[in-house]
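In each ligand, atom 1 is the first atom listed, and ligand 1 is the first ligand listed.
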Amino acid sequence: MVVVEDLVRTFGTGDTAVHALGGVSFSVARGELVALKGRSGSGKTSLLNIIGGLDRADSGRVTVDGTAL
Ligand SMILES: Nc1ncnc2c1ncn2[C@@H]1O[C@H](COP(=O)(O)OP(=O)(O)OP(=O)(O)O)[C@@H](O)[C@H]1O
Ligand SMILES: [Mg+2]
């Protein structure tokens, strides 16, 4: 249903760059219940924004129900 492959998202550049997602991969089957857990700033919102189509990754792939975002 949702396939996430090697997602990378960096905010900013140079010395102040923040590596929010450093190569995230997982898949979620239809009907599967998943919880996303992590300390503040670990990249949960960054990941969900990309899966939801609100933001773009710097690299990697997201496929939702067979459609590549
Ligand atoms: N638009 C942005 N511009 C710059 N840095 C950002 C931006 N969005 C997120 N970040 C940074 O990326 C990192 C991950 O942030 P994110 O909001 O994804 O974490 P989170 O796990 O959702 O945190 P919280 O539990 O506090 O909601 C943090 O260091 C954050 O400061
Ligand atoms: Mg958040």
So do Val3 and Glu5 actually touch side chain to side chain, heavy atoms under 4.5 Å?
yes

With nothing but distance in play, are any N or O atoms of Phe11 less than 3.5 Å from an N or O of ligand 1?
no

Val2 vs Ile51 side-chain heavy atoms within contact, under 4.5 Å
yes

Tell me, do Leu36 and Phe26 make a side-chain contact under 4.5 Å, heavy atoms counted?
no

Is the closest protein non-hydrogen atom to atom 4 (C) of ligand 1 under 4.0 Å?
yes

A side-chain contact here means heavy atoms from C-beta on lying under 4.5 Å apart; do Ile50 and Val62 qualify?
yes

Under 4.0 Å and counting heavy atoms only, is there anything from the protein next to atom 31 (O) of ligand 1?
no

Going by the order shown, which atoms of ligand 1 are within less than 4.0 Å of some heavy atom of Thr45?
17 (O), 18 (O), 20 (P), 22 (O), 27 (O)

Would you check if Lys44 and Ser46 make a side-chain contact, meaning some heavy-atom pair closer than 4.5 Å?
no

Min N/O separation Val18 to ligand 1 under 3.5 Å
no

Protein heavy-atom partner closest to atom 25 (O) of ligand 1 - residue, atom, separation in Å
Lys44 NZ, 2.7 Å

Check whether any side-chain heavy atom of Arg9 lies under 4.5 Å from a side-chain heavy atom of Asn49, and answer yes or no.
no

Which residue and atom name correspond to the protein heavy atom nearest atom 23 (O) of ligand 1, and how close is it?
Gly41 N, 2.8 Å

Atom 18 (O) of ligand 1 [closest protein heavy-atom partner, distance rounded to 0.1 Å]
Ser46 OG, 2.6 Å

Arg61 with Asp6: basic N within carboxylate O range, under 4.0 Å
no

Heavy-atom contact check, 4.0 Å cutoff: does Gly12 meet ligand 1?
no

Given Gly38, Ala17, Ser40, identify the one with the heavy atom nearest to atom 24 (P) of ligand 1.
Ser40

Would you check if the Mg ion (ligand 2) lies under 2.8 Å from any N, O or S atom of Thr45?
yes

Which residue in the set Leu47, Val8, Asp58 passes side-chain contact (heavy atoms from CB on, under 4.5 Å) when paired with Leu21?
Leu47

